[in-house]
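Below is one structure, written out as C-alpha cells; comments come after it.
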Amino acid sequence: MSLLRFKMVDAAINHTAVPVEAPEGRPSDYFGEKVFGRDAMRKYLNKATYDALVDTMENGTPLTREVADSIAAGMRQWALEHGADHYTHWFQPLTGGTAEKHDAFAEPDGCGGVLEEFSGKLLVQQEPDASSFPNGGIRNTFEARGYSAWDPASPAFIVDTTLCIPTVFISYTGEALDYKVPLLRSINAVDRAATEVCRYFDKNVQKVYSYLGWEQEYFLVDESLWAVRPDLMLTGRTLMGHESAKNQQLEDHYFGAIPTRVMAFMKELEYECLKLGIPVKTRHNEVAPNQYELAPVYEEANLANDHNQLLMTIMDKIARRHKFRVLLHEKPFKGINGSGKHNNWSLGTDTGVNLLGPGRTASENLQFITFLVNVISAVHKHNGLLKASVMSATNDHRLGANEAPPAIISSFLGTQVSAVLDKLAASSGDDAIRFDAKNVFKMSGISHIPTLLLDNTDRNRTSPFAFTGNRFEFRAVGSSDNCAEAMIVLNTAVAHELTAFKAAVDARIEAGMKKEKAIYEVLKAMIEACKPIRFDGNGYSDAWRIEAVRRGLDCETSTPLVFDRYLDEETLAMFGEMGVFSKVELEARTEVKWETYVKKIQIEGRVLGDLAMNHIVPIASKYEAMLLDKVYKMAQLPGLNAESDIALIKRIQRHTAEIQRLTGRMIDARKVANRIEEMRAKAIAYHDTVAVCFDQIRRHIDKLEEIVDDQIWPLPKYRELLFLR
Ligand code: ADP
Ligand code: MG
C-alpha cells in the first residue's frame, strides 16, 4: 500500500476508544439539564411570566413586549449560570442543516466595563445578515433582509457555551425561507381539520397533535482514512472503490455486538442527547458494516424535528472526538445498503387517543378506520408529491436501489387492516354497519372489529409507507434530510383530505342521513378510489414497477422531474387552501431544489474528474511503466514469455484511455449545462448528461483498483473504510 495510505491505516488501527466522560447519576438526573424547559422556566421566571409563556406555547397567544423582556431576563440568568457566554438564533435554512451566528452576552456598559445584556427584543426577533441563504429569488439583493423569530413551542438549549434559541426564518415580505415555518403551518392545518373530524366521535377533543418518531441511520468511518478520501470529504460519498470481498453478505453486522470504540461514541452521544432533552432510546448496528442506527421516543413533530436537526450536528461533533467521521449521506458506498431516516408518524388528540391506533369501542374503531382511510387516500392523491419531498441528488442513489424503498410510493397495511377495508368496501346496503345492544360495531362477516388487535409482526420491509400497528412509517426519507419536508407534505395532504371528508359527510347529514351511515358511505367510496396505493407485495420486484405504472402511480425516477410535482395544479391548490405555502413560496423552494441538485452534481463531477486525472491515471501509468520496463528487460533474456504482462499493459491502457475520454466528455457536458440559465432545464441537463458519466468513469477506475499494485494504490479501499473501527 502507498506510504500515505499505510500511515493512515496504521493510525486507524491505533485509534482506540477514548474514555467517555462518565455521566453523573442516572438519566433522570441529567435529562434536559441543558434545556430551558418547564422546570427551568418555573425556577427562573415569575408566576405571571411563566403563565403567559405557557399560554403562548400551548395556545399560540402572542407575547407582549414586557413579558418577552421578563422571559429574556430569566433565560439570560439561567444561561449564564449554566456556563453560556453567547447566544444565537438557531434556524433551519434551505441549505439543509442549521444556521447560527453567535453574539456575546457581554456588552460595553459605557463606563469602561461590560455587562451581560439580553433583552426581549433580542430574544424575539433578529435580522440575520443572511442574503446568501438560498431563497429561490424571493429576496433579491436589494431587499436582502430576512428575519428570524423565536418559536416558543421549542425550548431554548445550550450547546457548548452558546444559548441556542429555536427560530423561524422568513423574508421581509413574510415568505418562509426555512423548514420550520411551513412545518408549523402544516401542524396547524392538520390540527384544525382533524379536530373537526374527531368531534364526530368525541365532542371533548380540542386539539390534535402530529407526532414524529424518527430513526436515524448513519455510517462511521475512521477519521484518518476519511481524510485521504477527497470524495468522502467533499461529497460525503465514495465516487469510486471496488467492492470489498466481504461486505454484508454474511449478515453478521445487523444487531451484532457493537465495537468498543463505536460504543464509546454512542454513549457520549446519548449522554449529550439526554442533557439536551432528546429522549434517545434505541441504538444498534445496521445491516451494512460500520452502519448504525439511533432512535428516540416519538415527540410532537415540531420538537422532534428540532431534535433531529440538533442530533445531526452533535453527532458530527462527538464523532470527531472519537476520531470518527459520521456519514449522513444516503449512499456512501456502492454495493452495500445506504442510510435513511424512517419517519414514524401519527396523530393524537389532547384527550390522549392515538387516532391511528385501533380502539376498544365501536366508535373508537370507526374513528380509527376514518383516519386510516383519510391518510392512505391523501397519500394516494399526492404520491408523486410525497416522493418529491424526499428526492434529492443524494437520496437518488438509495431510492430504487436494492435495499431501500422503490422510487414509487405505495402503502402496506398488513393483512388484518386490509381485510377490514375490503369488507367495508364490499359490503352493501344498510346491513353493512350495525350496532348491537352493547353498542358493538358489527359488519357482515367481521363480528368484532372492536377487538382489533393488530399483529405487529405483520410487516413489509420493502414498503415506503407502511402501517405498523399504531402509526405509519415513511421509510423513503433520506438520512441527511430535514424530516420536516416530508412531514409538511404529509400533514398538509392529510389535512386537505380530512377537510374534504368532513364536507362530504356533512352534506349527507344535512340531507337527513344518520351520521354513522354518512361516514361509512364516504369511507366506502374513498377505500375504492385509493385502492391503487395499497400494495402488500415485494416493492423491489420488477413486476411491481410494471404494475405501478398500470395503477397510475408516479413512477418518474429523474429527480429534477420529480420536483415538478411541487408545482402541479393540485399541489398549489392543496397548499394554498390549507394555508401552508403560497405559489410564490412553492416556486422559490422548487427553484432552490433544482439549484441544490445542480450544485451537488457539479461538485461530484469536479471531484471525480480531479481524482480520475490526478490520482488514478498517474498511478495506473506508473504501474504500467513498471510493467513495460519488465517486458523490455525480459526481452533481453531468451526463453521468457511476456505475453501475460503485455496483456495486463493493454488492459491498463484501455481503462486509462477510457477514463480520460469519459472524463473529457463529462467536462464538456458540464460546460454545456453551465450555459443554461433556467434552473429546471439546467438540473435536467446535469441529470441526463453529467451524472450519467459518473458510473461509467467509475467502472474503469474500479477495474484498475483490482489490477494495479496495491503497494502504490493511493486511496483507502472499501475493506479499510468499512472494517476498521
Ligand atoms: P422499528 O421496529 O421500526 O425499528 P421502533 O420500535 O424502534 O420500530 O420504533 C421506531 C420509532 O417509532 C421510535 O422513534 C418510536 O418512538 C416511534 N413511535 C412509536 N409509536 C409511535 C407513534 N404512535 N407515533 C409516532 N411515532 C411512534
Ligand atoms: Mg422502523
Side-chain angles (χ1 to χ4, degrees), residues 27 31 183 186-187 190-191 194 198 207-218 253-256 258 266 269-270 273-274 277-288 291-312 315 337 339-359 364 367-368 371-372 374-375 379 403-405 411-414 417 452-477 479 481 483-484 486-487 490-491 494 539:
F31 181 77
L183 178 62
S186 77
I187 286 170
V190 80
D191 166 22
C198 280
K207 195 171 168 72
V208 170
Y209 297 95
S210 36
Y211 292 109
L212 165 62
W214 41 264
E215 299 162 59
Q216 177 74 54
E217 294 176 339
Y218 60 95
H253 193 252
Y254 191 54
F255 283 14
I258 300 172
M266 285 179 171
L269 177 62
E270 284 164 9
C273 283
L274 290 168
I278 307 174
V280 289
K281 181 139 178 92
T282 311
R283 62 176 180 222
H284 61 78
N285 288 0
E286 260 301 327
V287 173
Q291 191 187 28
Y292 306 93
E293 180 183 300
L294 179 138
V297 176
Y298 67 96
E299 299 174 287
E300 183 277 312
N302 176 37
L303 185 60
N305 190 50
D306 281 358
H307 281 166
N308 183 247
Q309 288 293 305
L310 182 55
L311 172 92
M312 292 195 284
M315 256 182 155
N337 282 11
S339 300
K341 260 195 264 262
H342 292 178
N343 280 10
N344 292 270
W345 171 91
S346 66
L347 296 172
T349 66
D350 57 347
T351 55
V353 174
N354 175 359
L355 295 168
L356 292 174
E364 278 174 7
Q367 175 171 279
F368 160 60
F371 278 90
L372 184 106
N374 272 278
V375 172
V379 170
E403 83 287 357
S411 186
F412 168 86
L413 298 176
V417 174
L452 262 187
L453 262 184
L454 294 180
D455 182 1
N456 248 326
T457 57
D458 185 12
R459 290 206 164 191
N460 179 335
R461 286 278 161 198
T462 73
S463 177
F465 196 83
F467 181 68
T468 48
N470 60 359
R471 61 192 189 264
F472 279 94
E473 184 169 342
F474 189 27
R475 305 194 181 116
V477 184
S479 48
D481 276 347
C483 299
M487 296 295 93
L490 187 57
N491 279 337
V494 170

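Counting starts at 1 for both ligands and their atoms, following the listed order.
- Residue Asn344 has at least one N or O atom closer than 3.5 Å to an N or O atom of ligand 1.
- Backbone and side-chain nitrogen or oxygen atoms of Leu212 are examined, and none is located within less than 3.5 angstrom of a nitrogen or oxygen of ligand 1.
- Listed by atom number, the atoms of ligand 1 under 4.0 Å from Val297 heavy atoms are 16 (O).
- In terms of N/O distances under 3.5 Å, ligand 1 is not approached by Trp345.
- Residues satisfying the salt bridge (Lys or Arg N to Asp or Glu O under 4.0 Å) criterion with Glu270, sequence neighbours excluded, are Arg283.
- Taking distance alone, with nitrogen or oxygen atoms compared against 3.5 Å, Glu215 approaches ligand 1 more closely than that limit.
- When each atom of ligand 1 is checked for a heavy atom of Asn470 under 4.0 Å away, the hits are 23 (N).
- With atom 9 (O) of ligand 1 as the reference point, the heavy atom nearest to it among Lys281, Glu473, Arg471 is part of Arg471.
- Taking the six-membered ring for Trp and thresholds of 30 and 60 degrees, Phe465 and Phe472 have nearly parallel ring planes, at less than 30 degrees apart.
- Ligand 1 has an N or O atom lying under 3.5 Å from an N or O atom of Ser346, backbone or side chain.
- When each of His307, Lys341, Gln216 is paired with Cys483, the side chain to side chain contact (heavy atoms under 4.5 Å, CB included) condition holds for Lys341 and for no other.
- Partner Glu215 forms a side chain to side chain donor-acceptor pair (under 3.5 Å) with one of Asn344, Asn308, Asn343 and no other, that one being Asn344.
- Checked by atom type and distance alone, the side chain of Glu293 never pairs as donor or acceptor with a backbone atom of Glu286 at under 3.5 Å.
- A donor-acceptor pair under 3.5 Å links the side-chain atoms of Arg475 to the main chain of Ser463, judged by distance alone.
- Heavy-atom proximity to Asn354, at under 4.0 Å, picks out these atoms of ligand 1: 23 (N).
- Considering only residues two or more places apart in sequence or on other chains, Ala288 meets the side-chain contact (heavy atoms from CB on, under 4.5 Å) condition with Phe219, Gln248, Gln291, Ile336, Asn337.
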